**Q** 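Questions regarding the structure given below will be posed in turn.
Quick caveat: nothing in here was measured; it's all calculated off a predicted structure. All residue numbers refer to positions in the sequence shown, counting from 1.
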Amino acid sequence: MKRRLLLVLAFCASLNLVGQGFDLPCGNLNYRPEVQTVLLYADDNQLNDPVVPLDDLVERLTLSFDIIDGEGEVLNYTFIHCSHDWQPTEIQRIQYASGFESDRLDDYAFSRNTLIPYVNYQLKFPNEDMMPLVSGNYLLIVFGDDLNDLYFTRRFMVIDEKAHVGATVPRYPDDLTLTDTHQQLNVKVNMNNYLTGNTQQFSYLTIRQNGRWDNAVEGLKPTYVYPDYISFEHHPQTVFEATNQYRRFNTSNFYFQSENLAHIRQTDESFEIDIATCESRARKAYASYEDIHGEKYIYVENDNLDNSTEADYCRVNFFYKSESPLTHEDLYIMGALNDWRFDESNKMTYDYRLHGYTCSMMLKQGYYNFMFATVDRQTGEVRTDMTAGNHWETNNVYKLYFYYYNAIKGYDELIGYSTVNSH
């Protein structure tokens with residue numbers, strides 16, 4: 001009890017810094033290299049977005065993550081409320097959450113029979129110790145003794161559904177020069193009786209393509225406001241590069257060389273896997289096949305093993321063939337395999353001897369999608385046209401989040417959410 005009181009006091013002091021300009025980016029970020037395979041999903045399905053209904057919250061979200069070479073230290077977690085564009089809101093915590101300011105993460109287990117030792121942590125939340133009270137965006141924060149000892153942060157959403165969000169993807173975008181390479185969304189929001197005189201001012205739409213945040217559209221305003229619905233259409237921001245189907249590989253069985261694996265070998269320290277040589281698909285015809293839209297699914301092929309603690313880690317080596325290095329861009333491996341981030345862990349290095357780019361990542365056993373993407377060194381723009389090509393036929397999933405600003409209570413409510421497949 002004394003320790004919990006000290007943790008609460010320490011957290012309160014840290015939280016005050018957040019409200020006074022403490023620099024805490026509200027994104028899916030890892031702050032320690034030993035943190036691996038962070039999963040946050042709804043309803044016991046790894047492929048579900050962490051979006052839960054306000055009227056049925058209890059233990060709908062699952063958090064799982066590993067600490068490589070961990071010793072089973074007790075960590076802590078909390079969450080803060082955010083605006084539609086992922087900035088900490090100004091409302092007091094008592095207005096958006098009940099229960100403790102923070103709580104322990106003490107459900108952990110050591111890995112078993114793995115070459116790479118790790119500690120796996122599990123949490124089912126929200127629970128009676130800490131419960132969101134309002135809808136909107138939330139940032140989950142996992143930390144050590146205080147917020148100066150951050151481990152990672154992850155986004156999740158709470159929805160109070162008052163609007164129906166739908167979208168269509170027409171065959172021809174407004175700009176006909178993009179017909180074969182881009183996909184345009186026309187979005188319609190039926191707000192039932194929720195329309196007010198400030199609908200244009202208080203409405204915000206966010207659109208994500210698959211699991212990406214780098215090209216997400218945030219804060220989009222309605223194009224038209226009708227008596228019973230609003231629409232977002234004929235807007236250049238709702239046009240996305242169509243990209244291509246994601247590449248894939250499966251490491252759930254180290255003793256079977258599945259599709260797209262060139263070599264599997266075991267060393268004294270770990271298993272090592274070479275992905276089959278990749279090259280640009282920009283000039284190749286579109287090939288249709290199923291993918292999981294860039295996501296990952298952690299599992300071991302043996303049903304008798306526990307995916308959380310008996311799935312091993314392996315070093316996965318990627319090679320992208322290229323006769324010369326890019327002059328103005330850097331090359332990255334894109335996907336949920338590193339939580340859709342672009343950092344040193346998934347940045348590729350050009351090897352003049354091999355005439356191509358290389359990168360190695362430590363990944364837990366499972367099924368993975370990935371794609372190569374370029375990042376402009378000057379603008380930071382992420383593109384897939386040079387590496388994967390862009391094909392209108394690509395089956396992308398678009399995630400639509402509709403927010404409405406509650407002027408009385410002073411925060412952005414999430415009142416509509418849906419997913420739409422492009423085909």
Side-chain angles (χ1 to χ4, degrees), residues 18-21 24-27 49-55 79-97 132-139 155-170 173-175 183-209 212-240 398-420:
V18 174
Q20 297 169 9
L24 183 66
C26 295
D49 263 3
V51 181
V52 290
L54 182 62
D55 59 359
F79 52 74
I80 62 172
H81 192 265
C82 299
S83 61
H84 74 274
D85 56 352
W86 295 99
Q87 300 297 319
T89 52
E90 297 296 328
I91 61 176
Q92 297 297 311
R93 184 176 180 84
I94 195 173
Q95 296 176 260
Y96 67 79
L133 297 176
V134 300
S135 70
N137 292 336
Y138 285 85
L139 185 71
R155 294 173 171 180
F156 71 95
M157 299 86 160
V158 174
I159 180 172
D160 184 12
E161 193 162 9
K162 301 173 183 176
H164 174 74
V165 185
T168 57
V169 182
D174 294 339
D175 184 349
Q183 294 171 345
Q184 178 173 325
L185 276 74
N186 292 328
V187 181
K188 177 180 176 181
V189 179
N190 187 329
M191 299 181 64
N192 301 319
N193 298 320
Y194 209 68
L195 283 169
T196 71
N198 295 312
T199 297
Q200 179 75 31
Q201 178 184 356
F202 290 164
S203 298
Y204 303 98
L205 179 69
T206 292
I207 306 175
R208 294 172 63 201
Q209 184 189 56
R212 297 173 63 176
W213 283 104
D214 64 276
N215 66 342
V217 175
E218 296 180 307
L220 194 64
K221 292 293 188 178
T223 310
Y224 305 105
V225 178
Y226 298 98
D228 54 349
Y229 72 92
I230 61 178
S231 68
F232 303 78
E233 52 190 336
H234 308 301
H235 200 296
Q237 282 189 274
T238 65
V239 180
F240 292 80
Y398 290 93
K399 303 172 183 183
L400 313 173
Y401 309 82
F402 181 68
Y403 302 88
Y404 201 82
Y405 179 70
N406 188 320
I408 297 176
K409 297 182 179 179
Y411 66 89
D412 294 324
E413 297 179 284
L414 176 59
I415 64 170
Y417 166 75
S418 67
T419 60
V420 177

**Q** Let me confirm one number: the CD1-CG distance from Ile80 to Leu24, rounded to the nearest 0.5 Å.
**A**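 Answer rounded to 0.5 Å: 5.5 Å.
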**Q** Among residues at least two apart in sequence or on other chains, which ones pass ring pair (Phe, Tyr, Trp, His ring centres under 6.0 Å) with Tyr401?
**A**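 Ring pair (Phe, Tyr, Trp, His ring centres under 6.0 Å) check on Tyr401 returns Tyr417.
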**Q** For residues Lys399 and Ile207, determine if any side-chain heavy atom of one lies less than 4.5 Å from a side-chain heavy atom of the other.
**A** no
**Q** I need the minimum non-hydrogen distance between Ser418 and Val165, along with the two atoms involved.
**A** OG-O, 2.8 Å
**Q** As an exercise, state the distance from CE of Met157 to CG of Asn137, rounded to the nearest 0.5 Å.
**A** 5.5 Å
**Q** Would you kindly say whether Tyr404 and Glu413 are connected by a side-chain donor-acceptor distance under 3.5 Å?
**A** no
**Q** Can Leu220 and His235 be said to form a side chain to side chain contact (heavy atoms under 4.5 Å, CB included), step by step?
**A** CA-CA 9 Å; Leu220 194 64; His235 200 296; 3.7 Å; yes
**Q** With sequence neighbours left out, write down each residue that passes side chain to side chain contact (heavy atoms under 4.5 Å, CB included) with Thr89, or none if nothing qualifies.
**A** His81, Ser83, Ile91
**Q** What residues, two or more places apart in sequence or in another chain, satisfy side chain to side chain contact (heavy atoms under 4.5 Å, CB included) together with Lys409?
**A** Asn406, Tyr411
**Q** For Phe156, enumerate each residue passing the ring pair (Phe, Tyr, Trp, His ring centres under 6.0 Å) test, keeping only those at least two apart in sequence or located in another chain.
**A**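 Here the qualifying residues are Phe79, Phe125, Tyr138.
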**Q** Is it the case that the side chain of Lys221 and the backbone of Gln201 share a donor-acceptor pair, with hydrogens and angles ignored and the cut-off at 3.5 Å?
**A**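 Present.
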**Q** Going by heavy atoms in the side chains, are Thr168 and Leu185 under 4.5 Å from each other?
**A**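 No - every pair of side-chain heavy atoms lies 4.5 Å or more apart.
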**Q** If I compare all heavy atoms of Pro170 with all of Asn186, which pair ends up nearest, and what's the gap?
**A** CG-ND2, 3.7 Å
**Q** Ignoring hydrogens and angles, state whether a donor on the side chain of Asn190 or His164 is under 3.5 Å from an acceptor on the partner side chain.
**A** no
**Q** Applying side-chain hydrogen bond (donor to acceptor under 3.5 Å, both in side chains), can you list everything that pairs with Ser231, at least two apart in sequence or on another chain?
**A**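 Partners of Ser231 under the side-chain hydrogen bond (donor to acceptor under 3.5 Å, both in side chains) test: Glu233.
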**Q** Sequence neighbours left out, what passes side chain to side chain contact (heavy atoms under 4.5 Å, CB included) with Gln92? Give chain and number order.
**A**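 Here the qualifying residues are Ile94, Gln95.
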**Q** Mind checking whether Ile415 and Tyr403 have side chains closer than 4.5 Å, heavy atoms only?
**A** no
**Q** With rounding to the nearest 0.5 Å, note down the distance linking OH in Tyr398 to CD in Gln209.
**A** 4.0 Å
**Q** Check whether any side-chain heavy atom of Tyr204 sits under 4.5 Å from a side-chain heavy atom of Phe402, and report yes or no.
**A** no
**Q** Can you check whether Phe232 reaches Leu400 side chain to side chain, under 4.5 Å on heavy atoms?
**A** no
**Q** If you take all heavy atoms of Gln237 and Val217, which pair is closest and at what distance?
**A** O-CG2, 2.9 Å
**Q** Only one of Pro25, Cys26, Pro88 clears side-chain contact (heavy atoms from CB on, under 4.5 Å) with Leu139; which?
**A** Cys26
**Q** Taking all heavy atoms of Arg155 and all of Pro50, pick out the closest pair and write down the distance.
**A**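 Closest pair (atom of Arg155, atom of Pro50, distance): O-CG, 3.5 Å.
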**Q** Is the side chain of Ser203 donor-acceptor paired with the backbone N or O of Gln200 at a distance under 3.5 Å, no angle test?
**A**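 Flag not set: sc Ser203 to bb Gln200 has no pair under 3.5 Å.
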**Q** Mind listing the closest non-hydrogen atom pair of His84 and Thr206 along with its distance?
**A** O-OG1, 4.2 Å
**Q** Do Gln184 and Val169 have side chains that get closer than 4.5 Å, going by heavy atoms?
**A**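 In short, these two side chains do not touch, never coming nearer than 4.5 Å.
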**Q** So which heavy atom on Asp49 is nearest to which on Arg208, and how close?
**A**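 Shortest heavy-atom separation between Asp49 and Arg208 comes out as OD2-NH1, 4.0 Å.
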**Q** Is there side-chain contact between Val134 and Val158, with heavy atoms separated by less than 4.5 Å?
**A** no
**Q** Is there a side-chain contact between Leu205 and Val187, using heavy atoms and a 4.5 Å cut-off?
**A** yes
